[in-house]
Amino acid sequence: MSKKPIRTRYAPSPTGHLHIGGARTALFSYLWARKNGGSFVVRIEDTDVERNVEDAEAKQMDGLKWLGLDWDESVDIGGPYAPYRSMDRMDIYREYIDRLSEEGLAYPCYCTSEELEADRERQLAEGVAPRYSGRCRHLTAEEREALEAQGRNPSIRFKAPGGRTVTVQDEVRGEVHFDTDGIGDFIIARPDGRPTYNFAVTVDDALMEITHVLRAEEHLSNTPRQILIYEALGFDAPKFGHVSLILNPDGKKMSKRDESILQFIDQYKDLGYLPEALINFLVLLGWAPEGEEAEREIFSREELVQSFSLHRMSKAPAVFDTVKLRWMNNHYIKESSLERIVDLALPHLIRAGRVSPDLSDEAKSWVTRLVSLYREQLDYVAQIVDLTEMFFREDVRYAEAAKEVLRQEQVPQVMKAFIGQIEQADDFSPDTVKTLLKAVQKETGYKGKQLFMPVRAAVTGEVHGPDLKETISLLGRDTVAGRLNHLLKNREQILGG
RNA sequence: GGCCCGUUGGUGAAGCGGUUAACACACCAGCCUUUCACGCUGGCAUGCAGGGGUUCGAAUCCCCUACGGGUCACCA
């Protein structure tokens with residue numbers, strides 16, 4: 001007997017950009033399919049037409065693509081189970097809804113939302129679980145006609161059986177039991193025939209032969225309803241895995257307007273986070289590698305495909321630790337090719353007006369050196385703009401610590417000597433700069449901190465920074481000489497009291 | 001309020017009845033470096049939400065409590 005091929009899916013509703021939570025669920029689903037040589041399906045759950053956003057579908061898919069998660073079947077490439085958009089599957093849902101109605105497993109409900117809301121409030125006030133009253137469950141044909149004569153258009157409710165226990169075999173939580181008495185008759189189709197999520201998702205997962213439904217924990221309580229539908233329709237239920245939520249740094253559930261954390265994948269993309277860093281970071285939020293690998297934290301997508309497993313999923317919610325994400329991204333920035341980082345940095349530098357959009361080869365190689373100089377301290381590429389600010393300004397802004405250094409008595413002498421050396425130099429490569437500083441040392445007798453700190457402070461306005469000779473070389477002869485001369489002339493004024 | 005899920009250091013976490021309670025981020029100290037960063041070395045939970053059990057032995061099994069979360073939509 002051959003095992004059924006593993007099929008997983010990511011089924012977002014097209015209401016916005018790819019969220020970090022959705023990205024993680026998609027990643028888990030993707031990894032599980034890939035690990036088992038199965039298929040990963042991206043399906044669009046767009047039955048809530050009022051909420052649908054114009055290009056959200058494309059945004060979701062762009063986000064997945066950027067992360068490097070490719071799919072085998074979806075709206076764009078089709079597949080054997082097409083269509084992959086709920087609203088294109090209306091005929092299918094109608095068929096199953098009719099079937100349930102005919103079999104007496106579903107019935108029309110004429111209650112208005114006002115009536116329903118009133119019921120709910122009353123039940124809440126009485127401290128009872130809010131649940132559908134069952135008012136329309138036993139309507140006679142005459143009563144139905146009368147209600148329809150009033151112009152009331154029915155929605156369709158699923159008849160939830162009472163007195164039973166539904167067991168969810170959850171891949172991450174184990175067996176979870178639900179008493180069906182806690183489940184009221186729920187709506188499976190709106191008056192215009194559009195199915196609700198619980199119904200559409202069930203029919204789609206069943207028909208598409210999804211074997212593993214991996215999704216957020218908030219769906220766990222919905223699962224018994226879906227299992228009831230699977231049973232009523234005579235489908236085998238897939239395996240479920242409910243992944244714990246991602247919490248913000250305060251340990252709270254993220255809300256849409258939560259600003260303590262960037263929530264959308266494209267925001268990270270725009271800031272210059274690398275997809276492999278996001279993947280690596282996200283997968284560790286709720287999943288842990290096994291055995292020896294538990295001591296590592298850097299995993300490529302290929303390695304994850306190898307190592308991923310459902311039984312290593314965590315039941316506890318995970319806090320999104322921005323600091324660790326930055327560390328991880330910095331790690332990947334250092335690992336990746338310089339060329340790639342330059343390409344990512346360029347748009348930021350251009351937007352900041354630092355470099356021209358149509359830059360010469362010469363300028364490009366200058367930017368490459370600049371990025372190279374700062375690469376290892378980038379948590380995300382956009383930081384390059386602020387980090388290199390002093391390369392692009394006329395006047396130097398001297399930090400207090402730099403002024404302190406520049407007040408040392410040897411400073412004028414060192415600076416004069418350095419200017420003299422610069423004027424005589426043939427070129428201004430880092431090696432040359434090194435030689436020039438050596439010469440200054442010989443000429444003045446100052447060395448080490450007494451030499452380098454004043455030079456750094458005078459030229460950059462800071463007492464910290466990356467490699468000095470490269471910095472000076474990149475700044476260029478004119479700029480360096482200019483800054484030194486300016487400082488020499490206006491020393492009193494610049495250094496103040 | 002009912003039902004359901006969870007709780008190991010500041011954070012992600014390993015741990016599956018007997019361990020000095022891994023590893024990583026962060027933090028602290030030292031080394032390296034003209035400086036910063038990188039890198040390296042070392043430190044960092046006497047305790048696993050609290051309380052009861054079970055057991056020779058519990059972070060690991062059971063129960064209760066507390067706290068956090070999810071859900072109870074014609075949203076997904």
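Being a predicted model, the structure only gives us computed values, none of them experimental. Within every chain, numbering begins at 1; the chains are lettered A, B, ... in the order of the sequence lines, protein sequences first and strands thereafter.
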Verify, without hydrogens or angle tests, whether A:Ser372 (side chain) and A:Thr368 (backbone) share a donor-acceptor contact under 3.5 angstrom. no

The test is salt bridge (charged side-chain N to carboxylate O under 4.0 Å, His left out); show your working for A:Asp62 and A:Lys59 and say whether it passes. CA-CA 5 Å; A:Asp62 286 348; A:Lys59 286 279 167 41; over 6 Å; no

Rounded to the Å, how far apart are A:Trp287 CH2 and B:G12 C1'? 13 Å

Should the pair A:Arg157 and A:Tyr132 be classed as cation-pi, given the thresholds of under 6.0 Å to the six-membered ring centre and 45° from the axis? yes

note: A:Arg173, atom CZ; B:G69, atom C1'; distance rounded to Å ~ 10 Å

Side-chain atoms of A:Leu245 come closest, of B:C23, B:C25, B:G70, to B:G70

Is the phosphate of B:G10, meaning OP1 or OP2, less than 4.0 Å from a side-chain N or O of A:Lys324? no

Assign A:Arg225 to base, sugar-phosphate, or nothing according to its heavy-atom contacts below 4.0 angstrom with the strands shown. sugar-phosphate

Look at all strands and tell whether A:Gly184 reaches a base, only sugar-phosphate, or nothing, counting heavy atoms closer than 4.0 Å. nothing

Would you say A:Arg120 places a side-chain N or O within less than 4.0 Å of OP1 or OP2 belonging to B:C72? no

What contact category does A:Pro12 fall into here, base, sugar-phosphate, or nothing, at under 4.0 angstrom with non-hydrogen atoms? nothing

Base, sugar-phosphate, or nothing for A:Glu376, non-hydrogen atoms under 4.0 angstrom? base

Answer with base, sugar-phosphate or nothing: what part of the nucleic acid does A:Leu285 contact at a heavy-atom distance below 4.0 Å? sugar-phosphate

From the candidates B:G69, B:C4, B:C74, the one with an atom nearest any side-chain atom of A:Leu116 is B:C74

Out of B:G12, B:A76, B:G6, which has the shortest distance to the side chain of A:Pro317? B:G6

Within the structure provided, determine whether A:Glu404 and A:Gln408 are in side-chain contact (heavy-atom separation under 4.5 Å). no

With a non-hydrogen cut-off below 4.0 angstrom, is A:Tyr197 in contact with a base, only sugar-phosphate, or nothing? base

So what does A:Asp192 touch, heavy atoms closer than 4.0 Å: a base, only the sugar-phosphate, or nothing? nothing

Just to be sure I understand the rule, does A:Gly465 reach a base, reach only the sugar-phosphate, or reach nothing, if contact means heavy atoms closer than 4.0 Å? base

A:Phe320 vs A:Tyr268 aromatic rings, parallel, tilted or perpendicular, using cut-offs 30° and 60°? tilted

Under 4.0 Å between a side-chain N or O of A:Thr47 and OP1 or OP2 of B:A76? yes

Rounding to an integer number of Å, can you tell me how far A:Glu297 CD sits from B:A22 C1'? 12 Å

State whether the distance check finds a donor on one side and an acceptor on the other, under 3.5 Å, for side chain A:Asn198 versus base B:A76. no

NA contact type, A:Leu220, heavy-atom cut-off 4.0 Å: base, sugar-phosphate, or nothing? sugar-phosphate

Indicate the ring-plane relationship of A:Phe264 and A:His17, choosing parallel, tilted or perpendicular according to the 30° and 60° boundaries. perpendicular

Rounding to an integer number of angstrom, what distance separates B:G10 and B:C48 when you compare their C1' atoms? 16 Å

Look at all strands and tell whether A:Ser155 reaches a base, only sugar-phosphate, or nothing, counting heavy atoms closer than 4.0 Å. nothing

